[in-house]
Amino acid sequence: MTDKKQVDVGTEAVWAGEKEYLVHGATQVPVVLSVAYNYDDMDEWYDVAIGKKKGHIYGRNTNPTVQAFEDKVKQLEGAEAATSFSTGMAAISNTLSTFLLPGDRIVSIKDTYGGTNKIFTEFLPRQQVEVMLCETGDHEQIEKEVKKGCKILYLESPTNPTVKITDLKKMADVGKRAGAIVIVDNTFGTPINQNPLALGADLVIHSATKFLGGHADALGGVVCGPEHYVEQIYHFREINGATMDPMAAYLTLRGMKTLHLRVREQSFNAMQLAKFLQQQDIVEDVYYPGLPTHPYHEIAKEQMKDFGGMLSFSVKGGVDTVRELLPKLQYAHRAANLGAVETTVGPARTTSHVECTPEERAAMGIPEGLIRVSCGIEYIDDILEDFSQAFAQLENILEIS
């Protein structure tokens, strides 16, 4: 018997995790809404309940549709196991809560997503967990702090919203040598452009609401990694109850079938838009790891297959300019989401870091005039024309110095 042929990630995105769940010849995974599952054989019921035999007993624990989603992400990330959650933040908070106890120490970076940052600065300290946040990209500082001892090294690359890059392979090695659990938020990277487990991380997290689902119509989160870690996280989640809804799992599964196509187009559009923005007088800085001017461009080239659909830029005039500019865009939602087929724009103060004060955002290097852009799959010439006409209108109102 020959080994199964290795297939492309695009094929995996379509087929992975689904065959076992096809019912009566259906070509799509069914949405199973039943909360409970009947067993006439009491011994079989018990074996399923304790995990000795495959099956489902109660929706808070497992669900066939949700399991198909978990299996697909697991295969795309090259993981042994995966477990899902109601939201991306549930995935992050449940994972951290699974492993951290009072007296433990966690090392991370300053540029994590705003909700994650709030866990680090507000909630974990309440639980007597010591938190050390290092300058993003300062690998020497991160290594120094990890060597002092920590339970978890938590990374996010590219970061939200300034798309900063951390050398995941180097930092994973540092974390492993120190005995830390290395966790990477790969929401911006996606399994198409980046695979943290292959770079040495222990666990990888996604907000499935974003690129995985890709259509801004379903909430979800997922964590992948070795079975012995994922089982612990699953146990915490099944008891605390942040369960993924079967309909959300179905919508995300459907979205993931085109993940490789969407991410490829979004990455292309982001690169073209980043180059365009660099040429605009009103733009102060452009943040995109695909640009040679990005301080960690070479690291991004090494660990990413492409540079992703996320970028940000800051404008002269700060918040006042943002207020005037964004409503003039015709083909962009002004909304707190990302990763969808439509282009979405918004300042960090109302999207990624709305929970933070202006002072906290400033401390993280996020200017009030920063605009985050999630590139959609629109025809690139239309995106560039849209930004061009918006800038042209703005120049008639604001004096650009």
Side-chain angles (χ1 to χ4, degrees), residues 158 160-165 188-190 192-193 210-211 214-216 258-295 297 300-301 304-348 350-352 367 369-401:
N160 182 0
T162 51
V163 289
K164 294 180 181 178
I165 301 294
F188 274 25
T190 80
I192 304 302
N193 282 337
K210 311 303 190 297
F211 286 99
H215 292 78
T258 59
L259 179 63
H260 65 299
L261 299 176
R262 291 186 283 105
V263 169
R264 183 174 67 193
E265 196 71 7
Q266 289 165 316
S267 298
F268 174 80
N269 286 352
M271 177 66 87
Q272 303 311 307
L273 180 59
K275 291 178 180 178
F276 167 83
L277 291 170
Q278 282 188 312
Q279 301 170 4
Q280 307 307 306
D281 291 338
I282 196 171
V283 174
E284 289 186 326
D285 291 295
V286 180
Y287 309 91
Y288 186 64
L291 295 174
T293 52
H294 191 283
H297 173 67
K301 277 175 60 178
M304 301 182 73
K305 300 176 183 71
D306 207 338
F307 301 105
M310 298 301 304
L311 64 95
S312 57
F313 65 99
S314 58
V315 291
K316 297 174 183 177
V319 174
D320 292 336
T321 302
V322 174
R323 289 195 186 99
E324 293 288 341
L325 174 64
L326 296 191
K328 293 175 172 51
L329 292 170
Q330 300 172 7
Y331 298 112
H333 288 304
R334 290 157 289 280
N337 191 39
L338 61 93
V341 292
E342 307 93 356
T343 294
T344 306
V345 297
T350 59
T351 58
S352 64
L370 181 132
I371 298 170
R372 186 183 72 181
V373 183
S374 173
C375 285
I377 62 170
E378 302 93 346
Y379 181 50
I380 185 57
D381 286 0
D382 292 329
I383 294 178
L384 298 181
E385 173 58 31
D386 193 20
F387 273 84
S388 182
Q389 65 81 25
F391 285 136
Q393 290 187 64
L394 201 63
E395 289 174 357
N396 295 329
I397 300 173
L398 302 173
E399 180 179 349
I400 308 303
S401 57

Is there side-chain contact between [X] and [Y], with heavy atoms separated by less than 4.5 Å?
X: F391; Y: F276; answer: yes
X: R323; Y: V319; answer: yes
X: V286; Y: L277; answer: yes
X: L291; Y: Q278; answer: yes

Derivation of the side-chain contact (heavy atoms from CB on, under 4.5 Å) call for D306 and V263: CA-CA 9 Å; D306 207 338; V263 169; over 6 Å; no
Backbone N/O of V315 and side chain of T321: donor-acceptor pair under 3.5 Å: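 Flag not set: sc T321 to bb V315 has no pair under 3.5 Å.
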Donor-acceptor pair, side chain of K316 and main chain of D281, under 3.5 angstrom: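 Side chain of K316 to backbone of D281, a donor-acceptor pair under 3.5 Å: yes, one is there.
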Indicate the atoms forming the closest heavy-atom contact of [X] with [Y], along with that distance.
X: D386; Y: A332; result: OD2-N, 4.4 Å
X: T343; Y: G376; result: OG1-N, 3.0 Å
X: T162; Y: Y287; result: O-CB, 3.6 Å
X: V341; Y: R262; result: CG1-CD, 3.6 Å
X: L326; Y: P347; result: CD1-CD, 3.8 Å
X: G308; Y: Y288; result: O-OH, 2.6 Å

Selection residues 266-276 - residue pairs positive for side chain to side chain donor-acceptor pair (under 3.5 Å), sequence neighbours left out: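 Passing the test, one end in residues 266-276: N193-S267.
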Polar contact flag, side-chain donor to acceptor under 3.5 angstrom, Q393-Q389: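 Indeed, the side chains of Q393 and Q389 share at least one donor-acceptor pair under 3.5 Å.
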Pair listing, ring pair (Phe, Tyr, Trp, His ring centres under 6.0 Å) test, anchored in residues 310-347, at least two apart: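 Found none.
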